[in-house]
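Note that the structure is a prediction, hence the values are computed from the model and not measured. Chain identifiers are assigned alphabetically (A, B, ...) following the order of the sequence lines, protein sequences preceding nucleic acid strands; residue numbering begins at 1 within each chain.
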Protein chains: 2
Amino acid sequence: MSSSKLLKGSLAIIVLRLLEEQEKMYGYEITQKVKELTAGEFKITEGALYPTLHKLEAEGYLTTETQLVDGRVRKYYSLTKEGNAEAKAKVSELEEFILSLQKVLNPKLGTL
Amino acid sequence: MSSSKLLKGSLAIIVLRLLEEQEKMYGYEITQKVKELTAGEFKITEGALYPTLHKLEAEGYLTTETQLVDGRVRKYYSLTKEGNAEAKAKVSELEEFILSLQKVLNPKLGTL
DNA sequence: TCTTATACATAAGAAAATTAGGTATACTTT
DNA sequence: AAAGTATACCTAATTTTCTTATGTATAAGA
């Protein structure tokens, strides 16, 4: 992921989150969706995305289904049952993390 | 940093941010301050903190000053002029990053 | 005396990214 | 027709940043 090498484990969480919204997505589609949602601020690099997808699949959170569309291969990913649970868990973990981070970045605001 | 291995380059930014608020801080103090601000959610590990401080110093963003307090050595860090600029830059970069991230995590909210 | 807190530090390893490369098809532009 | 861009997958080397483990040392509390 681009946008100046911030976050670490957030790419996997982003993938899980997108697949919560949309039943099936393929790799390239994910890169485009993220670019669109962030108005070009996040550019998911393939070197980061594909290993992440493979890892999530190996962990049992995603299943794949290959289709041939317009002469090109597409590998669609979907959440498994465990993937669904993992998505919920990881997303709220990240949201809590962001809240804590904001407490450090803006201590004046306190618990707000 | 603990709290489930999220963020990547955020530790350096946290350090810079804290030193914007407080003129001088030493390593151990930083770990305690972060723990306090996040109600124990972030635990800065020494293995992450000290190399980060040394790197920021090597990059010219921090200067040090050693004091002996109660028979123990303390190494105080302060922002240089460049460190001050870097702090501002990195903090807003991180804030923008968080905004983008939230757009992905919660696409329904749009630009809000 | 032993444990905890304070205070610094480094080194080995793991995790996750970047960068760079590779293959291949379809569409658009020159 | 050729060349470039978009689509679509993939891996490998390297870098960055973290965790975990370890080491040194003093002060305070049980």
Check your understanding: When the distance from CG of Leu53(A) to P of dT11(D) is rounded to whole Å, what number comes out?
Key -> 11 Å
Check your understanding: Between the side chain of Thr80(A) and the main-chain N/O of Gly60(A), is any donor-acceptor distance below 3.5 Å?
Key -> yes
Revision key, fill the gap. Here the pair of heavy atoms bringing Val104(B) nearest to Leu37(A) is CA-CD1, 4.1 Å
Study note, to complete from the structure: The complete set of ring pair (Phe, Tyr, Trp, His ring centres under 6.0 Å) pairs with one or both residues in residues 43-71 of chain A, sequence neighbours excluded, reads none
Exercise for review: Identify, between Gly47(A) and Lys55(A), the residue whose nearest nucleotide on DNA chain C lies closer to the 5' end.
Suggested key: Lys55(A)
Grab the N/O contacts between the protein and nucleotides 5-8 of chain D below 3.5 Å, and write none if there aren't any.
{"residue": "dT7(D)", "atom": "OP2", "partner": "Tyr28(A)", "partner atom": "OH", "Å": "2.1"}
{"residue": "dT7(D)", "atom": "O5'", "partner": "Tyr28(A)", "partner atom": "OH", "Å": "2.9"}
{"residue": "dA8(D)", "atom": "OP1", "partner": "Arg74(A)", "partner atom": "NE", "Å": "2.9"}
{"residue": "dA8(D)", "atom": "OP1", "partner": "Arg74(A)", "partner atom": "NH2", "Å": "2.8"}
{"residue": "dA8(D)", "atom": "OP2", "partner": "Tyr26(A)", "partner atom": "OH", "Å": "2.7"}
{"residue": "dA8(D)", "atom": "O3'", "partner": "Val73(A)", "partner atom": "O", "Å": "3.4"}

Check your understanding: Does a side-chain N or O from His54(A) land closer than 4.0 Å to OP1 or OP2 of dC9(D), or not?
Key -> no
Exercise for review: Apply side-chain contact (heavy atoms from CB on, under 4.5 Å) to the pair Glu96(A) and Glu93(A), showing each step before the final yes or no.
Suggested key: CA-CA 5 Å; Glu96(A) 281 174 46; Glu93(A) 205 179 287; 6.0 Å; no
**Study point:** Length of the CD-P vector between Glu36(B) and dA5(C), whole Å
**Key:** 16 Å
Check your understanding: Taking CZ from Phe97(B) and C1' from dA17(C), how many angstroms apart are they, rounded to a whole number?
Key -> 11 Å
Exercise for review: For dA17(C), take OP1 and OP2 only and decide whether either is under 4.0 Å from a side-chain N or O of Thr52(A).
Suggested key: yes
Practice item. Mind calculating the distance between CZ (Phe42(B)) and C1' (dC18(D)) to the nearest angstrom? Key: 14 Å
Review point. What's the shortest heavy-atom distance between Lys43(A) and Gly40(A), and which atoms?
Key: NZ-O, 2.6 Å
Check your understanding: Given dT11(D), dA9(C), dT19(C), which nucleotide is nearest the side-chain atoms of Thr45(A)?
Key -> dT19(C)
Check your understanding: Lys43(B) NZ to dT20(D) P: how many Å, rounded?
Key -> 12 Å
Only distances under 3.5 Å count here; give the side-chain donor-acceptor pairs of residues 11-26 of chain A to other protein atoms, sequence neighbours excluded, each with its distance to 0.1 Å.
{"residue": "Arg17(A)", "atom": "NE", "partner": "Leu105(B)", "partner atom": "O", "Å": "2.5"}
{"residue": "Arg17(A)", "atom": "NH1", "partner": "Glu20(A)", "partner atom": "OE1", "Å": "3.2"}
{"residue": "Arg17(A)", "atom": "NH1", "partner": "Glu21(A)", "partner atom": "OE2", "Å": "3.4"}
{"residue": "Arg17(A)", "atom": "NH2", "partner": "Glu21(A)", "partner atom": "OE2", "Å": "3.2"}
{"residue": "Arg17(A)", "atom": "NH2", "partner": "Leu105(B)", "partner atom": "O", "Å": "3.1"}
{"residue": "Gln22(A)", "atom": "NE2", "partner": "Glu29(A)", "partner atom": "OE2", "Å": "2.9"}
{"residue": "Lys24(A)", "atom": "NZ", "partner": "Glu65(A)", "partner atom": "OE1", "Å": "2.6"}
{"residue": "Tyr26(A)", "atom": "OH", "partner": "Arg74(A)", "partner atom": "NE", "Å": "3.4"}
{"residue": "Tyr26(A)", "atom": "OH", "partner": "Arg74(A)", "partner atom": "NH2", "Å": "3.3"}

Revision key, fill the gap. When rounded to whole Å, the CG to P distance for the pair Leu49(B) and dT16(D) reads 19 Å
